[in-house]
Protein chains: 2
Amino acid sequence: MADPQQVLCAHFDRYLALDEAERRALMERSRVRRLKKRGFILQEGEVCRCYTYVVEGCLRMYEIDAKGVEHNLQFAQENEWIVDIGSFHAEKPSSLFIEALEPSTVVCIEHGDLLRLYTEHPKFDRNFRVIIEDLFVELQQRLLRRNASSAEQRYAHFVQHHPGLAARVPNVHVASYLGVTPEFLSRLRAKTSKRG
Amino acid sequence: MADPQQVLCAHFDRYLALDEAERRALMERSRVRRLKKRGFILQEGEVCRCYTYVVEGCLRMYEIDAKGVEHNLQFAQENEWIVDIGSFHAEKPSSLFIEALEPSTVVCIEHGDLLRLYTEHPKFDRNFRVIIEDLFVELQQRLLRRNASSAEQRYAHFVQHHPGLAARVPNVHVASYLGVTPEFLSRLRAKTSKRG
DNA sequence: AAATGACCTTGATCCAGATCAAGGCTTCAG
DNA sequence: CTGAAGCCTTGATCTGGATCAAGGTCATTT
C-alpha cells in the first residue's frame, strides 16, 4: 500500500499543490500512527495534540453529556481530517473523545510542528484555511438541517450524501450523529424500507 | 466616529498585526456600506459577493424552509463577520438571506479583492484561517448543544454568553436561532423569570 | 387618532421523538 | 462451544416542544 505520508501530500495537492520543499517539510513534521479498533486518539480531559488525517479506516469524535449519553459530532473516513480544533489551538483540555471505529492508519501533525509549517511555508496557512472553510460550510448546513428538518429527512439526507458511512458505521452512532435515539432511528428505517 | 475601515484594520491587528502595505491594500480593496433597518446584503438566489464586517449595528443570516419558516443561522454584531462562505467561494447562488436588524455600518470585501489580498499578502490567509477556526469551534459547540441540551438549557446558555444580543434582538429571532418556536421560548422565559 | 404591523403572551390540543422494557441476532473472546 | 457484549428491533407509554387560535401592547405610518 502507498506510504501514508505520500497520501497526505497527494491530499494537499488537491488544493494549492506543494513544492518539493513543502513536501519535505510536511514529511518531517508529521508521523504515521496505526490504531486498533476502539483505540483512542483523544480522551476527555486531555489536550488534543494532533491534527489527524485519516489514510485508512474510520474514526468518530464525540462528547459524553452529564447523563452519560454519547453525542457524535463527527466521523472521519479516508482522506478526512479529525481534530478538536479548540483544544488543539488553545492547548486546553478537551471535552471530546476521538476513537477508531475500525483498525485505522492516520497521519498526525503536532501543534508545534504545524505552527512551524505555517510560518515556514505560508501555503499551509492557505491550504488549511480552505480546508476549514469547507468544513465550516458543511457544519452550517448541518445545523440548519438540524433546526429545519425532521429526523426522517435528516436520515434520508445522511444516507444519500454519505452512503459509505451509512454502510460502515453502526446505526447507534448514526443516530447519535443525527441527534435521535437509536430506537427511533430503527423505526425510521423500518418505515422507509417498507416504502422503498 | 472612527473611520470604519480603520476599525477593520484594528480588528486584524488583534491577530497577526498588519504592516503599512497590508493596511493600505486592505483599505483599497474594501468599501464601506451603510444599511438601513431591514436592508438586505444577500437574498436567496443571489451570489454572496462580499465578506462583510460589521462596524456598527446588527445583522442576521437566515434560511426560509419549504414551509416558509425562517431559520436564523447567525447574528453578527460589532466586530463580527457575516458571509455565506459557501456561496462566496463557489460563486454560486445562495439559499440564505442576510438582513440588517438595525441601521448598520459595514465594511465589505468582494470576492476578487479578497483573492488578491490573499495572494499578494499571505498574512490574510493566516488571519482569515484563524478567524474561521474560531467560528468553526463555536459552531461545533452549538451543534453539540443542539443535540445534547434542552431548549431551556440552550436559552440559558444564550443569555449568559450573549447578553448583548438577548437584549438587542427580538425574541422571535432568538427562538429561531435556538431552534424553537417563539411561543415555546415565551413560555420558557415566563418560567425562568418566575424562578429567578 | 386611527390603523397597520411587529412583537409577546397564554391557553388548548396535538405529535415527533424519548424513554422504558424486553427479546433476538451476531460476533468474538475465553 | 459457550457466554457475554454489541447491536438492532418492536411494543407501550410518556413528554418536550409544536401547532392553532386569540388577545394585548407598543411603535410607526398616514
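Below, chains carry the letters A, B, ... as their sequence lines are ordered, and counting in each starts from 1.
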Base, backbone or nothing for each nucleotide of nucleotides 19-30 of chain C, written B, S, -, heavy atoms under 4.0 angstrom, 5' to 3'?
BB----------
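At dT9(D), one or more side-chain N or O atoms of R189(A) fall inside 4.0 Å of OP1 or OP2 (strictly under the cut-off).
In this structure, D65(A) does not pair ionically with R145(B), as no charged nitrogen and carboxylate oxygen lie closer than 4.0 Å. At a threshold of 4.0 Å, the pair E22(A)-K123(A) counts as salt-bridged, since one of the basic side-chain nitrogens sits closer than that to a carboxylate oxygen.
Just one of R116(A), R31(A), R49(A) meets the side-chain hydrogen bond (donor to acceptor under 3.5 Å, both in side chains) condition when paired with E110(A); it is R31(A).
In this entry the distance linking CG of L188(A) with P of dA18(C) reads 9 Å, nearest Å. The interatomic distance linking L185(A) (CG) with dT9(D) (P) rounds to 8 Å, in whole Å. In this structure, NE2 of H71(A) is placed 11 Å from P of dA18(C), rounded to the nearest angstrom. Note: NZ (K191(A)) to C1' (dT10(D)) measures 15 Å, nearest angstrom. For the pair R38(B) CZ and dA27(D) C1', the computed distance is 12 Å after rounding to whole Å. Atom-to-atom, CZ of R60(A) to P of dG6(D) comes out at 12 Å; the value is rounded to the nearest Å. When rounded to the nearest whole Å, the span between NZ of K36(B) and P of dT28(D) equals 15 Å. Summarising the geometry, the separation between CG on N147(A) and P on dA16(C) is reported as 18 Å, rounded to the nearest angstrom.
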Working note: R187(A) + E183(A), criterion salt bridge (Lys or Arg N to Asp or Glu O under 4.0 Å); need CA distance, chi angles, decisive distance, verdict.
CA-CA 7 Å; R187(A) 286 179 235 265; E183(A) 293 94 331; over 6 Å; no
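In this structure, the side-chain contact (heavy atoms from CB on, under 4.5 Å) partners of E63(A), at least two apart in sequence or on a different chain, are S95(A), L96(A), L144(B). Residues forming a side-chain contact (heavy atoms from CB on, under 4.5 Å) with Q160(B) (at least two apart in sequence, or on another chain): none.
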